[in-house]
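Written out below as structure tokens is the structure these notes cover.
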Amino acid sequence: MPKFGQMTEESAIVEWRKKEGEKVAKGDVLFTVETDKSVMEAESFFEGTLIKILVQPGVNVPVQSTVGWVGTPGEAIPAVEAPQPAPKPKAEPVGRTVPSAPQPVITAPEPRSASAATVPAPVASPALFRISPRAAKLAENCVIDATKIRGSGPQGRVVEKDVRGYLDYQGYDKLRISPAAKQLAKKEGIDVLMLRRDGERISVADVERAIAEKPKMMSKMRQVIAQRLTQSVVTAPHFFVTVSVDMTDLVKFRASLKEAGQPYTVTDFISQAVILTLKEFPEFNSSTDGKSIRWNSHVNLGMAVSLEQGLVVPVIRNAEDLTLLELNQQTKALADKARSGKLAPQEMSGSTFTISNMGMLDVENFTAIINTGEAAILAVSSTIKQPVVREDKVVIRQLMKITLSSDHRLIDGAQAAKFINALKKKLEDIELWKLLTS
């Protein structure tokens with residue numbers, strides 16, 4: 001299992017591209033791996049035949065562990081155990097044993113007297129859920145969650161009479177459900193008792209809604225995004241400064257460049273303006289651990305790219321040394337690689353300042369969370385025609401709001417105001433852009 005990232009300790013194979021017994025050439029893609037940022041391809045360093053697959057897709061295993069063997073057909077495979085996934089709680093061999101669900105448990109009721117009805121009270125679940133085979137089969141056929149039943153057998157084991165008592169108490173015989181809905185609920189592990197509505201028949205649509213509401217495991221990328229952004233919000237005191245940039249002249253200038261066959265985008269101008277401004281205000285290109293400040297001599301510009309499975313930030317390294325045309329080419333190349341899932345780990349690490357551009361998504365304003373290890377991030381909104389006052393007259397101009405999120409441990413309000421206004425000034429300076437595109 002390759003180690004694609006410095007902090008990666010385990011990974012899961014998404015798909016084997018070769019089958020056991022299939023020929024393998026040096027450089028062939030053997031399998032794909034889900035990392036915390038993308039799906040990467042693992043190539044073979046050897047020629048031969050894939051003679052054994054040890055790890056199946058979807059199983060998290062430690063990096064550098066053996067997941068398969070390439071060799072010669074008939075060759076003896078070394079006695080290496082398949083790497084084990086994270087350990088799970090062990091079940092006791094008493095009937096069917098599974099971890100208990102974190103829900104109230106209901107005891108099968110005692111026979112009701114004429115004077116009063118016995119209502120079972122929820123009680124704490126045992127550490128392990130035990131159920132006899134007959135009871136488990138009955139619960140399965142009735143499509144109910146048996147973990148909600150408190151057993152009367154040894155060590156709290158649920159037996160058949162407990163299930164029947166629970167069904168009687170819940171009024172299961174009065175439950176109305178279509179055969180198709182019951183079959184779908186059984187297949188998807190949905191408790192039909194949780195779907196009932198007074199007097200109404202449970203339909204397939206009811207089951208489908210319950211399926212849609214079932215908790216789903218976050219992807220590895222989504223989990224890492226959640227972890228890192230939470231860490232950033234908790235450790236870095238954010239504050240925000242917003243200005244409106246008059247993009248009217250720059251939009252017209254960019255349109256003229258496009259007519260002349262030049263490839264520049266509005267994003268290129270924003271990126272270049274940020275790079276120039278960072279050179280004037282190096283504190284925005286720094287980082288801190290809360291005790292010391294680290295100054296970065298190069299601008300490694302992160303460009304947030306949204307994918308279906310999450311957000312990635314490809315990095316343009318040494319961006320201060322690039323011409324506007326080179327910046328355009330690198331931005332496009334990295335964005336294409338991000339969307340095709342072919343970014344290498346080193347292309348997504350080491351950024352010193354990030355731009356999050358939602359200009360194409362029709363938003364008036366938003367704020368972004370600073371990437372851990374950076375001092376600030378710029379949020380770029382859409383360019384929108386708006387009425388503004390110019391020389392005491394109301395005119396229509398194309399305005400774009402930009403918001404700077406800053407780490408207050410490194411940056412004060414006055415510094416942030418100076419930075420974002422310097423950035424605004426550059427974006428509105430058409431003579432600057434004529435010079436840089438000539």
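- Within the structure, salt bridge (charged side-chain N to carboxylate O under 4.0 Å, His left out) contacts touching residues 414-438 (residues at least two apart or in different chains) are Glu280-Lys426, Lys424-Glu428, Glu431-Lys434.
- For the side-chain hydrogen bond (donor to acceptor under 3.5 Å, both in side chains) test, no residue two or more places apart in sequence or in another chain qualifies with Ser406.
- The aromatic rings of Phe281 and Phe419 sit perpendicular, their planes meeting at an angle over 60°, well past the 30° parallel limit.
- Shown here are the ring-ring contact (aromatic ring centres under 6.0 Å, His included) partners of Phe366, two or more places apart in sequence or in another chain: there are none.
- Separation of atoms CD1 (Ile411) and CZ (Phe284) is listed at 4.0 Å; rounding is to 0.5 Å.
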Show every donor-acceptor pair shorter than 3.5 Å between a side-chain atom in residues 260-270 and any protein atom, with sequence neighbours excluded, or say none if there are none.
{"residue": "Thr265", "atom": "OG1", "partner": "Thr267", "partner atom": "N", "Å": "3.4"}
{"residue": "Thr265", "atom": "OG1", "partner": "Asp268", "partner atom": "N", "Å": "3.2"}
{"residue": "Thr265", "atom": "OG1", "partner": "Asp268", "partner atom": "OD1", "Å": "3.4"}
{"residue": "Thr265", "atom": "OG1", "partner": "Asp268", "partner atom": "OD2", "Å": "3.2"}
{"residue": "Thr267", "atom": "OG1", "partner": "Asn357", "partner atom": "ND2", "Å": "3.2"}
{"residue": "Asp268", "atom": "OD2", "partner": "Thr265", "partner atom": "N", "Å": "2.8"}
{"residue": "Asp268", "atom": "OD2", "partner": "Asn328", "partner atom": "ND2", "Å": "2.6"}

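- Among residues at least two apart or in separate chains, there is no salt bridge (charged side-chain N to carboxylate O under 4.0 Å, His left out) pair with a member in residues 287-303.
- Put simply, CD on Glu188 and CD on Gln183 are 11.0 Å apart, with the number rounded to the nearest 0.5 Å.
- Listed by first and then second residue, the salt bridge (charged side-chain N to carboxylate O under 4.0 Å, His left out) pairs that reach into residues 41-50 are Arg17-Glu41, sequence neighbours excluded.
- Listed by first and then second residue, the salt bridge (charged side-chain N to carboxylate O under 4.0 Å, His left out) pairs involving residues 232-257 are Asp246-Arg390, Asp246-Arg397, Asp249-Arg397 (not counting sequence neighbours).
- Taking the salt bridge (charged side-chain N to carboxylate O under 4.0 Å, His left out) definition, one finds that Asp336 meets it with Lys332, sequence neighbours left out.
- Residues passing the side-chain hydrogen bond (donor to acceptor under 3.5 Å, both in side chains) test with Glu320 are His298, sequence neighbours excluded.
- Residues passing the side-chain hydrogen bond (donor to acceptor under 3.5 Å, both in side chains) test with Gln415, sequence neighbours excluded: Glu283.
- Interatomic distance, Ile420 CD1 to Thr277 OG1, rounded to the nearest 0.5 Å: 10.0 Å.
- Ile316 CD1 to Asn318 CG: the interatomic distance, rounded to the nearest 0.5 Å, is 11.5 Å.
- The ring-ring contact (aromatic ring centres under 6.0 Å, His included) search around His238 returns none, not counting sequence neighbours.
- Remark: the backbone N or O of Thr72 is paired with a side-chain donor or acceptor of Glu75 at under 3.5 angstrom.
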**OP:** Before giving the answer on side-chain contact (heavy atoms from CB on, under 4.5 Å), spell out for Met1 and Ile13 the whole-Å C-alpha distance, their side-chain angles and the decisive distance to 0.1 Å.
**Re:** CA-CA 8 Å; Met1 176 63 71; Ile13 292 174; 3.7 Å; yes
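- Of the candidates Lys342, Lys337, Arg317, Lys337 is the only one forming a side chain to side chain donor-acceptor pair (under 3.5 Å) with Glu347.
- A distance-only check finds no donor-acceptor pair linking the side chain of Trp16 to the backbone of Thr32 [under 3.5 Å].
- Listed by chain and number, the residues in a ring-ring contact (aromatic ring centres under 6.0 Å, His included) with Phe253 amount to none (sequence neighbours excluded).
- With no hydrogens or angles considered, a side-chain donor-acceptor pair links Thr352 and Asn285 at under 3.5 Å.
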